[in-house]
Engineer: 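Shown below is the structure under consideration.
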Amino acid sequence: MDAVSGWWDDYFWGSVIVLQVFIFSLILMIIFGLLGAAAKLSNNFIANKIANGYTVVFRGTPEILVILLLYFGSAISITAIAQIFNPEIKFLDIPPVWAGTIAIGLIVGSYATETFRGAFQGVQPGSVEAARALGMSNLQTFIYIRTPEMWRLALPPFGNHMLSLIKDTALISIIGLNETLFVAKQAISTTGKPFTMYIVVGGIYLAFSSVITLSVMALERYGSRHMRDAR
Amino acid sequence: MNFDFSLVTDSIPKMLVGVGLTFQLMFLSAIIGLVLAVVLLLMRLSGKWYLGWPAQVFIYVFRGTPILVQIFIIYYGLPQFEAVRDSIFWPILREPFGSAVLALSLNTGAYVSEILRGGVLGVDRGVLEAAKALGLSARQKFIYITAPIATRLAIPAYSNDFISLMKATSLASTITLMDMTGIARTIVAKTFAPYEIFISLAIIYMIFTFIIQKAFGRFERYMSKYVNP
């Protein structure tokens, strides 16, 4: 483990980038998931088709392919647009960190679409009717009845989506993001200790996964706190 | 930048050359992974801590780390040790193909084991009690009652994992293997036409996903033939 000693700070900053990508892609995933679920549950034919297309495409393609396509695709598009204004420009890209964040947000968002859709459908019609009977408006029903109830149903798969997100951040190193895997590659080229360096990366991801798993367990307990007596 | 269709028609046959490698990676890892998953499952169901604990740690580690990191540890990492280079496994671990199959198998084994466990836990208590009342031994109960029902219950989740495995084979391209994704990446590096090549490849993968889904749907219907609708 001596070989790692000079690299801890690099690993730390790599982990910060992993965390940054995780947080932003989590926000994107929730947005895409909710939009997708809303589109799937709506009565609009076109919205239905678009949401179905979205889930089929992003659930059926390898993650790495989406990341590569988004990064290199956007790079040549942006370069082409920039060249209209300034022919001198040779290459422009979206920074890998953002291309990667958007890519994994889109991918996992397609899984979240199905989760949210299922959870909204799983809300007891009786609860909604009771809310109506109490004179709650549509918005009140949505905030006080539908969302808390669907949240309880959505949490376990949602936890798995968060684990997918954190693990997918490793793939962004392929387009040159300087996260932990990238740090390990540099460390290996100077120390010649590939196993040690990659095991550290594995340990970092395991730590992230463990924190997520524990948080989701705590949230689940909180989300079903009023169910405890019923059991 | 126009969408060049001639490039699409040129590159699809080239990428399909890699389909054999993608399938080899997928089926070999799926079979080895399934065997591993059953072993892990039996270890956990044994009720003996010295079997259950290692299985649980294995599953925890392999589900908690990215598959890409696992591939790198096995392919680039293990040769750091002389003991590995001198062992009988070296001919397998030396090759990117062997390393990729090993990494994918270990990874999918951990996931599938959890899926199978979910299936076993989902078997109705009443059926097991009925089996006990009929005088079946623990082993008979497992083989004739638990295993078939658990298999049926696990199919939908297993089909999702099989699709994940198919998609994960594309990561073999990161350790120089020329599967479909590996070939696509070399073509893009030469032509710099990411849209044409990667979208065509994405469609090929989507077709495979569709076929896998349909096949498992059929299998599930077959396994459910005794279930009352």
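Not measured: the values here are computed from a predicted model. Numbers restart at 1 for each chain; the letters A, B, ... are given by sequence-line order, proteins then strands.
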Engineer: Take A:Lys185 and A:Ser173, measure what side-chain hydrogen bond (donor to acceptor under 3.5 Å, both in side chains) needs, and give me the verdict at the end.
Structural biologist: CA-CA 10 Å; A:Lys185 231 170 260 177; A:Ser173 67; 4.9 Å; no
Engineer: Using heavy-atom distances under 4.5 Å, tell me whether B:Val188 contacts chain A through its side chain, its backbone, both, or neither.
Structural biologist: neither
Engineer: Can you find a heavy atom in the side chain of A:Val200 that is under 4.5 Å from one in the side chain of A:Val183?
Structural biologist: no
Engineer: At a heavy-atom separation under 4.5 Å, does B:Thr209 approach chain A through its side chain, its backbone, both, or neither?
Structural biologist: side chain
Engineer: If you count heavy-atom pairs under 4.5 Å between each of B:Ile203, B:Asn160, B:Leu171 and chain A, which one has the most?
Structural biologist: B:Leu171
Engineer: Any side-chain heavy atom of A:Phe72 within less than 4.5 Å of one from B:Phe192?
Structural biologist: yes
Engineer: Heavy-atom distance under 4.5 Å to chain A: side chain of B:Ser170, backbone, both or neither?
Structural biologist: both
Engineer: What part of A:Val66 gets within 4.5 angstrom of chain B, counting heavy atoms only: side chain, backbone, both, or neither?
Structural biologist: neither
Engineer: Does the ring center of B:Tyr75 lie less than 6.0 Å from the ring center of A:Tyr198?
Structural biologist: no
Engineer: If you draw a 6.0 Å radius around CZ in A:Phe85, do more than 12 non-hydrogen atoms from other residues or ligands fall strictly inside?
Structural biologist: no
Engineer: So which part of B:Ser173 gets closer than 4.5 Å to some heavy atom of chain A, the side chain, the backbone, both or neither?
Structural biologist: side chain
Engineer: Does any backbone or side-chain atom of B:Phe81 lie under 4.5 Å from a heavy atom of chain A? Answer side chain, backbone, both or neither.
Structural biologist: side chain
Engineer: Given that the side chain runs from C-beta out, which part of A:Ile64 has a heavy atom under 4.5 Å from chain B: side chain, backbone, both or neither?
Structural biologist: side chain
Engineer: Does any part of the side chain of A:Ile104, heavy atoms only, come nearer than 4.5 Å to the side chain of A:Glu63, both counted from C-beta?
Structural biologist: no
Engineer: Is any side-chain heavy atom of B:Gln70 closer than 4.5 Å to a side-chain heavy atom of B:Leu106?
Structural biologist: no
Engineer: Tell me, side chain or backbone of A:Thr180 under 4.5 Å from chain B's heavy atoms, or both, or neither?
Structural biologist: neither
Engineer: By a 4.5 Å heavy-atom criterion (distance strictly below it), what part of A:Leu171 contacts chain B: side chain, backbone, both, or neither?
Structural biologist: both
Engineer: Just give me the residue among B:Arg185, B:Gln213, B:Met166 that pairs up with chain A most often, heavy atom to heavy atom, under 4.5 Å.
Structural biologist: B:Arg185
Engineer: Are side-chain heavy atoms of B:Leu102 and B:Ile92 found at a separation under 4.5 Å?
Structural biologist: no
